[in-house]
Q: 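Below you will find the structure I want to go over with you.
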Amino acid sequence: MDLVARTLTELLAPDRLSIVLLDAVSNRLAAAYDSGPEPANTDDPLLQLALRRGPLLFARDVATAARAQGVELGLSAPGAWIGAPLVAGARPVGAVSLTAERPDAFRPDDLMIVRAVVAQVSIALENARLVELLSSAKREWEQTVDAITQAMCIIDPEGVVRRANRVFADLVQTPVTAIPGRPWIGLLPPAWAEAVGRAVTERTPTTAELRSADRSVLLTAIPLAEPGAAVLVFEDQTAKRRLQEQLIQSEKMSAIGQLIAGVAHDLNNPLASVVGLSDFLAETGEIPAPLTEPLQVIRQEAERAATIVKNLLSFARSQEGERQVQPIGPILASTLALLRNQLMAHKVEATLRVEEDLPDLEVNANQIKQVFVNLINNAAQAIASVQRSGRIWVTARRWLDGVAVSVADNGPGIPDEIAQRVFEPFFTTKREGEGTGLGLSISQGIVKEHGGRITLDARPGSGVTFTVELPGGAQPRPPAAPADPVTQTRSLRVLVVDDEPHILYYMRSTLESWGHTVEVASDGAYALERAIADPFDVIICDLRMPHLGGREMYHRLAQQHPQAAQRIIFATGDTVRGDTLHFLESLGRPYLHKPFTLAELRGVLDRLAAQAPPAPPPLPPPVPPLLSHPG
């Protein structure tokens with residue numbers, strides 16, 4: 001506009017030159033230039049006339065000429081006037097107005113000059129409009145494609161990238177401004193070249209999975225009109241694939257847990273026979289001296305095997321177990337027992353130290369055990385990565401009103417840049433297939449749900465210490481009352497129900513040696529008939545049996561003979577399973593977990609006998625009526 005004003009001023013020397021333009025935002029006229037003392041009035045009748053009907057030249061009687069065009073000027077009419085519209089894309093977008101006091105200031109040739117200048121201005125305005133439209137479209141395209149989370153690029157038939165969004169620039173680690181004009185084959189990882197090349201040659205949309213190191217990407221190639229030209233869309237599937245792998249691993253663990261739960265019952269039954277018969281033989285006091293120690297070893301090893309089964313079950317099986325107030329020491333001890341063989345394989349020695357008088361914690365034992373399994377496993381693997389033996393120290397100490405458990409190792413340590421990211425989901429330094437990067441993040445989540453936190457103290461080259469801080473707040477347990485001496489109050493009538501012959505044998509032998517009257521049943525249906533027909537002081541019933549299990553037998557007995565149902569003691573090797581525990585706890589009945597010791601059996605019998613009155617004696621058989629003889 002300055003150039004236009006300068007040109008017209010030099011050529012025509014008007015007394016006043018005004019230029020108005022249409023504002024693109026408000027769609028209203030605004031003064032772009034005015035040589036007068038005040039900005040041009042956009043409502044000026046002459047400017048409006050130039051915008052609608054120009055180019056026009058009024059000389060001498062301007063008011064009369066304007067009136068002929070339907071415009072009243074009154075006393076404000078100049079001596080001479082030239083007006084012309086500014087046009088862009090066949091649409092008026094402004095106007096030029098030149099006024100002079102002298103009536104003969106402008107001639108017809110001057111109108112030709114104004115027309116020529118305005119024509120050049122119109123071309124410039126149209127070009128500016130097209131450039132603005134192009135720039136606006138470019139900005140909109142960039143903003144749109146940059147908002148898309150998938151990486152995108154457009155390639156021509158020669159394989160050269162025309163455009164790309166910022167996500168694609170991040171994918172290929174190249175500035176977005178340096179991508180256009182470069183061949184795609186030089187930007188993408190070499191391992192992807194063959195799959196991308198095949199997809200580009202297809203004439204229909206094609207998908208392919210691309211893998212490089214630990215990254216998984218889904219490619220979608222959408223062909224364009226020109227053969228070989230295409231839109232390439234890359235969607236990072238790495239996190240999704242890891243979640244799928246985690247889900248598969250979770251399903252595997254669930255399947256393993258179900259398998260172990262089924263096997264545990266079968267393992268605990270023979271272990272119950274071994275432990276029970278060992279106790280029975282030891283109580284007889286008739287074992288020759290040379291056999292006393294071997295018998296004790298048999299019993300200890302059977303209990304050890306039972307502990308291994310119990311630890312494996314409690315960890316491998318997914319449970320919704322509620323939080324319970326309990327000490328941390330047994331949880332740590334059972335965790336180390338579970339990992340004993342694995343630590344030996346890595347040539348790692350683990351030691352446990354628990355301070356005295358630690359407060360009990362309200363925790364979910366299985367979840368907390370999962371945390372320590374993960375920490376100890378990570379420490380053992382770190383030591384094994386440098387191919388040497390090492391040590392792990394697990395220490396539980398008082399922390400505020402709770403407990404802090406540290407897991408320290410003498411492994412290679414963790415660099416600072418890695419230590420800052422160890423709790424991030426999916427972050428792992430292990431090789432493909434060795435870890436998902438979820439262990440520590442899940443562990444941190446479990447501990448935070450318990451109101452605590454996990455902290456890390458890492459020094460490169462001098463080991464790592466993870467500290468699990470768990471708050472207190474659990475009510476202290478009352479001091480254990482001294483155990484009353486076991487006294488046998490009276491002889492009991494006992495019905496033992498189990499499908500294992502060896503268990504029936506040692507239970508009968510043991511109970512009869514204690515002075516009780518014992519009847520056995522290997523089938524739940526037969527035991528139900530006997531429990532209804534004859535009164536028993538105690539019914540010891542296995543939960544899992546063929547045909548009619550202990551749970552079904554109890555429900556039927558509760559309906560048909562409620563008093564007898566209140567005399568049941570359950571025995572099972574499957575109390576780890578969530579539904580079994582729920583059943584037992586909902587009834588409030590005592591139960592024995594196989595393999596149980598004879599001391600546990602004697603204790604539960606005495607408690608039940610003290611709570612319940614003796615069963616009434618069995619009714620005598622009915623007397624047949626006397627036969628009458630004739631006469």
Side-chain angles (χ1 to χ4, degrees), residues 262 264-266 268-273 275-277 280 490-575 577 579-581 583-596 598 600-609 611-621:
H265 183 266
D266 297 330
N268 283 329
N269 275 328
L271 288 174
S273 301
V275 173
L277 287 172
F280 173 70
R490 57 187 173 87
S491 176
L492 302 174
R493 298 186 71 248
V494 182
L495 173 64
V496 181
V497 189
D498 202 298
D499 60 322
E500 292 286 336
H502 297 298
I503 292 180
L504 293 178
Y505 170 76
Y506 96 78
M507 289 285 285
R508 179 196 285 272
S509 302
T510 301
L511 293 173
E512 287 181 347
S513 70
W514 291 350
H516 301 303
T517 303
V518 181
E519 185 171 338
V520 298
S522 59
D523 180 81
Y526 173 71
L528 179 63
E529 295 177 2
R530 297 295 302 122
I532 294 174
D534 291 336
F536 289 94
D537 296 302
V538 178
I539 302 172
I540 302 175
C541 181
D542 188 21
L543 268 180
R544 291 181 59 182
M545 295 183 294
H547 307 304
L548 186 67
R551 189 179 311 194
E552 294 79 9
M553 174 184 163
Y554 172 82
H555 288 309
R556 294 189 187 181
L557 194 60
Q559 292 177 351
Q560 302 178 39
H561 199 320
Q563 293 83 1
Q566 295 304 311
R567 303 175 186 275
I568 283 186
I569 298 172
F570 290 105
T572 181
D574 192 25
T575 55
R577 196 165 65 174
D579 58 344
T580 303
L581 281 175
F583 169 73
L584 293 173
E585 291 172 356
S586 64
L587 294 180
R589 302 299 307 153
Y591 65 88
L592 294 164
H593 179 250
K594 297 178 181 179
F596 50 84
L598 296 190
E600 293 171 335
L601 174 61
R602 183 183 284 111
V604 74
L605 285 176
D606 290 344
R607 286 195 299 273
L608 189 62
Q611 295 172 1
L619 296 175

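All values derive from a computational prediction rather than experimental measurement. Note that the numbering runs from 1 along the sequence shown for the chain.
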Q: Once you round to the nearest 0.5 Å, how far does CG of Leu511 lie from CZ of Arg493?
A: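 One gets 13.5 Å once the value is rounded to the nearest 0.5 Å.
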Q: Hey, mind stepping through Leu605 and Ile569 against side-chain contact (heavy atoms from CB on, under 4.5 Å) and telling me if it holds?
A: CA-CA 9 Å; Leu605 285 176; Ile569 298 172; 4.1 Å; yes
Q: Check the surroundings of atom NE2 in His561: do more than 12 heavy atoms from other residues, nucleotides or ligands lie under 6.0 Å from it?
A: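 Check passes, neighbour count above 12.
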Q: Give the minimum heavy-atom separation between Ala521 and Leu495, together with the two atoms involved.
A: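 Heavy-atom minimum between the residues: CB-CD1, 4.4 Å.
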Q: Name the orientation class of the two ring planes belonging to Tyr506 and Phe596 (parallel below 30°, tilted from 30 to 60°, perpendicular beyond 60°).
A: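 Correct class here is tilted.
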Q: Go through the steps to decide whether Arg567 and Val538 satisfy the test side-chain contact (heavy atoms from CB on, under 4.5 Å), and finish with yes or no.
A: CA-CA 5 Å; Arg567 303 175 186 275; Val538 178; 5.7 Å; no
Q: Roughly how far, to the nearest 0.5 Å, is CD of Glu519 from CZ of Arg530?
A: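 Interatomic distance, Arg530 CZ to Glu519 CD, rounded to 0.5 Å: 4.0 Å.
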Q: Please step through side-chain contact (heavy atoms from CB on, under 4.5 Å) for the pair Asp542 and Val497, ending with a clear verdict.
A: CA-CA 6 Å; Asp542 188 21; Val497 189; over 6 Å; no
Q: Apply the test side-chain contact (heavy atoms from CB on, under 4.5 Å) to residues Leu601 and Trp514: give CA-CA distance (whole Å), side-chain angles for both, the deciding distance (0.1 Å), then the verdict.
A: CA-CA 11 Å; Leu601 174 61; Trp514 291 350; 4.1 Å; yes
Q: Could Asp498 and Lys594 be called an ion pair, given the rule that one side-chain N must be under 4.0 Å from one carboxylate O?
A: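 Yes, charged N to carboxylate O under 4.0 Å.
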Q: If every non-hydrogen atom of Arg544 is compared with every non-hydrogen atom of Asp499, which pair is closest and at what distance?
A: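 Nearest pair, atom of Arg544 first, then Asp499: O-OD1, 3.9 Å.
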Q: Quick one: closest heavy-atom pair of Val604 and Pro590, and the distance?
A: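 Closest approach of Val604 to Pro590: CG2-CB, 3.5 Å.
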Q: Got a second to check how far Ile532's CD1 is from Gln560's CD, nearest 0.5 Å?
A: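 Rounded to the nearest 0.5 Å, the CD1-CD separation comes out at 4.0 Å.
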Q: To check you understand the geometry: which heavy-atom pair defines the closest contact between Leu557 and Ala531, and what is its length?
A: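 Heavy-atom minimum between the residues: CD1-CB, 4.0 Å.
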Q: Can you give me the closest heavy-atom contact between Leu598 and Phe280, atom names plus distance?
A: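 Closest approach of Leu598 to Phe280: CD1-N, 3.5 Å.
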Q: Is the side chain of Thr510 donor-acceptor paired with the backbone N or O of Met507 at a distance under 3.5 Å, no angle test?
A: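 Answer holds: no.
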Q: With rounding to the nearest 0.5 angstrom, report the CZ to CD1 distance, Arg508 to Ile503.
A: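 Separation between the atoms: 14.5 Å.
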Q: Side chains of Leu587 and Tyr554: does their closest heavy-atom pair fall under 4.5 Å?
A: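 Yes, at least one pair of side-chain atoms sits under 4.5 Å.
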Q: Starting at CD1 of Ile540, measure out to CG of Leu592 and round the result to the nearest 0.5 Å.
A: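 Answer rounded to 0.5 Å: 7.0 Å.
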Q: Output the distance between atom CZ (Arg551) and atom NE2 (His555), rounded to the nearest 0.5 Å.
A: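 Arg551 atom CZ to His555 atom NE2 measures 7.0 Å (nearest 0.5 Å).
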Q: Has Gln566 got a side-chain atom pairing as donor or acceptor with Gln563's backbone, closer than 3.5 angstrom?
A: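 Such a contact is absent between Gln566 side chain and Gln563 backbone.
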Q: Give me the atom names and distance for the closest heavy-atom approach of Gly524 to Met553.
A: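 Looks like O-SD, 4.0 Å.
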Q: Are Arg589 and Phe570 in a cation-pi setup, meaning NZ or CZ lies under 6.0 angstrom from the ring centre and within 45 degrees of the ring axis?
A: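 Verdict for Phe570: no cation-pi partner in Arg589.
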Q: Do Glu552 and Leu528 make a side-chain contact, defined as non-hydrogen atoms from C-beta onward lying under 4.5 Å apart?
A: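 They are not in side-chain contact.
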